[in-house]
Visitor: 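Shown below is the structure under consideration.
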Protein chains: 2
Amino acid sequence: MREGPDIARIASLVGDPARANMLNALMGGTALTASELALEAGVSLPTASSHLSKLMDGGLLTLASQGRHRYYGLAGPQVAGMLEAIIGVAEAVGPKRVRPGPRDAAMRVARVCYDHLAGEQAVAMLDRLVDRKLLLRQENEIRLSPSAISHFAALGIEIDSKAKRPICRACLDWSVRRSHLAGALGAAILDKVIVEKWARRDKDSRAVVFSPKGKQEFERVFLA
Amino acid sequence: MREGPDIARIASLVGDPARANMLNALMGGTALTASELALEAGVSLPTASSHLSKLMDGGLLTLASQGRHRYYGLAGPQVAGMLEAIIGVAEAVGPKRVRPGPRDAAMRVARVCYDHLAGEQAVAMLDRLVDRKLLLRQENEIRLSPSAISHFAALGIEIDSKAKRPICRACLDWSVRRSHLAGALGAAILDKVIVEKWARRDKDSRAVVFSPKGKQEFERVFLA
DNA sequence: CGCATAGTTCGATCCTCATCGAAGCATCCC
DNA sequence: GGGATGCTTCGATGAGGATCGAACTATGCG
């Protein structure tokens, strides 16, 4: 009967199906309104509201009010990481899917993780960036090499080295079981992928689907 | 209302205080009997038994029957990793402790994680082993260098390269936020630390407390 | 100001699930 | 076999919490 951190409290917040659905939706990285989340979770608005305030109390969400809209988002990368870990276990012990659907395959290849790219493509990209010595990796710490800033600037990605947010972070990938690139740079790269229309986000999942041409471009720029 | 892996199911298993206490106790790495876990969780034996069968159904535990004793243990490193992630979030958002007790400090320095050593000491050790090129690290994959087998053998640690279990694995540390060494080698090293009486396990927590002399020895052997 | 949209609070209902005592199995020891 | 120990199953109880409709608050638009 020791205490320590209240792990049951956090876990039980995630342990309700409605809340789990909401959190899962927020893993997409974009903040959502209460009504969107209610729809996502399949519950009424009052119910969703009650869940959201519980998640807020628990410190799992942040809230950004904009006029009459209130946007809920994950509180931070640590929360996202925890959710990925839980998803990983659920995948592992879960009832072996009869037949993994096409969406599962797509998710493995590339998906959104909070605000950056995850999946095989993302893991390969980080490997390659380290190989090319644009990023210097030591453990889970990733730093920019001197040549990186100009390199990324040439791609249209400006790196603000004064920002509070870490530019690079390693984020463990549940499907590949290795790390991919998170942090401001990771987010900027996902941004570029979408803006350049190399890929589009699947409407109903976190999957990121590359067009044939987009895939080529992405590989030329980041996997060459 | 998508589905995917049943994250709520897993999280709600951890979300009950009694079960959370049990899992937390099992993070110590040693398998425990139902009665011990009942005591740990502060519930009656029938209640504990019911919880344990739920955790088994959920795939979070393994069971080893030995005569009339039945030893429950965590199902694997992935489960342990998930629990560490949840603990990390709980630590972060949890009510800021008025004053971190001495035990918290001890936990940060060195503690048991499933079956190996975690905490500052463990992170430092992995760093050092990689620096000395006894271990070769690439991402989260860690391999033995050619010289490693004889080196560890000289320390009385025999490495069975034919074992099914991975010899080395990286395990993320919630307090330091970097990896430490898990896998068979990690377990063997923890073993040595205890057998050599360099440190003793705190009776009521996962903390591992080094004696002054033991600390010296440990640092001479692994951090030199 | 008045209406519409977004969201929260309240109250009542209902159901799941944690809990424990008692009884039932299983294993070991003598 | 018989008794003791370790554990599970059964049944009854009770509490917490998820849910929704209705009423209420807040913001924006014309």
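From a predicted model like this one, the values you see are computed outputs, not experimental measurements. Each chain gets a letter, A, B and so on, in the order the sequences are listed, and its residues count up from 1.
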Visitor: Looking at C:dT19, I'd like to know if its phosphate oxygens (OP1 or OP2) sit under 4.0 Å from a side-chain N or O belonging to B:H51.
Guide: yes
Visitor: Check nucleotides 8-10 of chain D against the protein and report each pair of N or O atoms closer than 3.5 Å, with its distance, or say if there are none.
Guide:
unit_1: D:dT8; atom_1: OP1; unit_2: B:R70; atom_2: NH1; d: 3.4
unit_1: D:dT8; atom_1: OP1; unit_2: B:Y72; atom_2: OH; d: 2.5
unit_1: D:dT8; atom_1: OP2; unit_2: B:S49; atom_2: OG; d: 2.8
unit_1: D:dT8; atom_1: O5'; unit_2: B:S49; atom_2: OG; d: 3.1

Visitor: What orientation do A:H116 and A:H180 show, parallel under 30°, tilted 30 to 60°, or perpendicular over 60°?
Guide: tilted
Visitor: Tell me if a side-chain donor or acceptor on B:K54 pairs with a main-chain N or O of B:S49 at a distance below 3.5 Å.
Guide: no
Visitor: Could you state the interatomic distance from CZ (B:R19) to CG (B:L37), rounded to the nearest 0.5 Å?
Guide: 13.5 Å
Visitor: Using a cut-off of less than 4.0 Å, is there contact between a side-chain N or O of A:K54 and OP1 or OP2 of D:dA18?
Guide: yes
Visitor: Which whole-number value in Å describes the distance from B:R19 CZ to C:dT16 C1'?
Guide: 12 Å
Visitor: CG of A:L39 versus P of C:dA6: gap in Å, rounded?
Guide: 13 Å
Visitor: Over how many whole Å does the gap from A:N21 atom CG to D:dT19 atom P extend?
Guide: 10 Å
Visitor: Whole angstroms only, please: what is the CE-P distance between B:M22 and C:dA18?
Guide: 11 Å
Visitor: Which nucleotide in the list C:dA6, D:dC20, C:dT19 gets nearest to the side chain of B:D16?
Guide: C:dT19
Visitor: What is the distance, rounded to the nearest whole Å, between atom OH of B:Y71 and atom C1' of D:dG6?
Guide: 11 Å
Visitor: To the nearest Å, give me how far apart CG (A:L61) and P (C:dT8) are.
Guide: 12 Å
Visitor: Is there a side-chain contact between A:M82 and B:M82 in this structure, where contact means two heavy atoms from C-beta onward sitting under 4.5 Å apart?
Guide: no
Visitor: Can you tell me if A:S50 and A:T47 form a side-chain donor-acceptor pair at under 3.5 Å?
Guide: no
Visitor: What is the distance from CE of A:M56 to C1' of C:dT8, rounded to the nearest Å?
Guide: 14 Å
Visitor: When you measure from the side chain of A:Q78 to the backbone of B:A92, do you find a donor-acceptor pair of N or O atoms at a distance under 3.5 Å?
Guide: no
